[in-house]
Amino acid sequence: MTEQADVTFIGTATTVLRLGGFTLLTDPNFLHRGERAYLGKGLWSRRRTDPALEIAQLPALDAVVLSHLHGDHFDRVARRELDRGLPVVTTPAAGRKLRRWGFRAAQGLPTWQSTELHHGGATLRLTSMPGRHGPGALDLLLPDVMGTMIDLECGGERLFRLYVTGDTLHRPLLADIPRRYPDIDAMLIHLGGTRIAGILLTMDDRQGADLVELIRPKLTVPIHYDDYPVFRSPLGDFVAESRRRGFAASVRTVTRGETVPLR
């Protein structure tokens, strides 16, 4: 079995992950420039970029990892064109809705619970991580969100560990993650500093840097940073903050359509 570990960035939080012999799609957003994503509660945001790939151009997938059910993470294109038999690992609430939509293999994972994929003697374990999309009571008005810890194992040996943050803010509950899951090889961090009515809903440059210092992955790859006008914290701000704090050498930026190694 190959120990490949790389990511292709499609846009927003949509990536193709190749880990060993497994291929995953994250948070499928395939709307085009000028098309609107529904964010719930009557709110819309118009996309200002194009995805680097279309669904028909994707490689064969083993599963989809979905942090939450928002229109910029699972859009009407994904709902229409993705294979309804494809496993989708997500929150319990999103899993129930996806099954009602006909995605019969959607699986909702409560926080800290896992599911596994098996292929050629290797195991890919996906575990739901805690997350909070909004501050305080406002979080109750937003979809449940999760991060995902992805462990590639073979013969009882862990070969690679990846943390995908999902659209969480930096909150004290995330401190349990490095205690339970040390030695994280790479982190895909959702940034953007999303603000609606002035309220921060995803990590900005400072919160993102705080999370890097908490998790201390060997490598951090920022995504979810410039595709919609509600994203108010540019990628350059995070890069500058990482330089100021002294961990810029462990940050690897990726442009839409680019594939980079996660080691």
Side-chain angles (χ1 to χ4, degrees), residues 12-13 26-27 39-41 43 45 65-70 72-74 89-95 108-114 126-151 161-225 228 230-235 237-239 241-242 244-245 247 250-251:
T12 318
T26 66
D27 289 4
L39 305 182
K41 309 303 178 186
L43 298 172
S45 189
V65 176
L66 175 62
S67 66
H68 67 302
L69 202 54
H70 251 162
D72 59 334
H73 289 257
F74 195 99
V89 179
T90 187
T91 67
L109 289 181
T111 302
W112 306 122
Q113 293 202 11
S114 302
L126 300 97
T127 306
S128 174
M129 297 290 107
R132 289 289 182 273
H133 204 338
L138 180 61
D139 188 62
L140 299 176
L141 300 176
L142 296 167
D144 291 342
V145 65
M146 73 176 201
T148 309
M149 196 67 68
I150 305 174
D151 285 311
R161 172 170 283 169
L162 171 68
Y163 170 39
V164 183
T165 68
D167 271 17
T168 186
L169 295 171
H170 184 269
R171 287 293 181 262
L173 81 168
L174 301 186
D176 281 341
I177 294 174
R179 285 196 288 264
R180 291 175 179 241
Y181 290 87
D183 304 321
I184 293 173
D185 295 295
M187 176 168 71
L188 287 186
I189 186 169
H190 292 205
L191 294 173
T194 304
R195 287 186 182 272
I196 296 178
I199 300 170
L200 187 68
L201 300 178
T202 64
M203 289 180 287
D204 58 11
D205 55 321
R206 292 185 181 181
Q207 284 204 9
D210 289 343
L211 187 65
V212 173
E213 292 180 337
L214 173 70
I215 300 295
R216 298 198 175 279
K218 296 181 179 70
L219 178 69
T220 297
V221 179
I223 58 175
H224 191 274
Y225 53 76
Y228 289 89
V230 292
F231 297 171
R232 304 294 178 85
S233 180
L235 176 61
D237 288 358
F238 175 74
V239 172
E241 186 70 11
S242 68
R244 187 181 72 80
R245 299 198 195 191
F247 60 79
S250 68
V251 172

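Across every non-hydrogen atom of Ile189 and Leu211, the tightest pair is CD1-CD2, 4.2 Å. The nearest pair of heavy atoms linking Met146 to Leu66 is CE-O, 4.0 Å. Residues Pro110 and Pro92 approach most closely at N-CG, 3.8 Å, considering heavy atoms. For the residue pair Thr165 and Met203, the shortest heavy atom distance occurs at OG1-CE, 4.1 Å. Residues Thr127 and Trp112 approach most closely at CG2-O, 3.5 Å, considering heavy atoms. Of all heavy-atom pairs spanning Leu173 and Pro130, the tightest one is CD1-CB, 3.7 Å.
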Check step by step if side chain to side chain contact (heavy atoms under 4.5 Å, CB included) holds for Leu219 and Val221. CA-CA 7 Å; Leu219 178 69; Val221 179; 4.1 Å; yes

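A side-chain donor-acceptor contact under 3.5 Å links Gln207 to the backbone of His170.
At a threshold of 4.5 Å between non-hydrogen side-chain atoms, the residues Thr220 and Tyr163 do not count as touching. Residues Leu162 and Asp185 form no side-chain contact, since every pair of their non-hydrogen atoms from C-beta on lies 4.5 Å or further apart.
The only option from Met149, Arg216, Lys218 that meets the side chain to side chain contact (heavy atoms under 4.5 Å, CB included) definition with Ile184 turns out to be Met149. Only one option out of Asp72, Asp204, Thr202 pairs with Thr194 in a side chain to side chain donor-acceptor pair (under 3.5 Å); it is Thr202.
Under the side chain to side chain donor-acceptor pair (under 3.5 Å) criterion, Asp167 pairs with His73, His190, His224, sequence neighbours left out. Qualifying side chain to side chain contact (heavy atoms under 4.5 Å, CB included) partners for Ala94, counting only residues two or more places apart in sequence or in other chains: Leu69, Thr90, Thr91.
Salt bridge annotation for Asp205-Arg244: absent, with no cationic side-chain nitrogen under 4.0 angstrom from a carboxylate oxygen. In summary, Asp151 and Arg161 engage in a salt bridge, as defined by a charged side-chain N under 4.0 Å from a carboxylate O.
Environment of CZ in Arg195: crowded, with over 12 heavy atoms of neighbouring residues, nucleotides or ligands closer than 6.0 Å.
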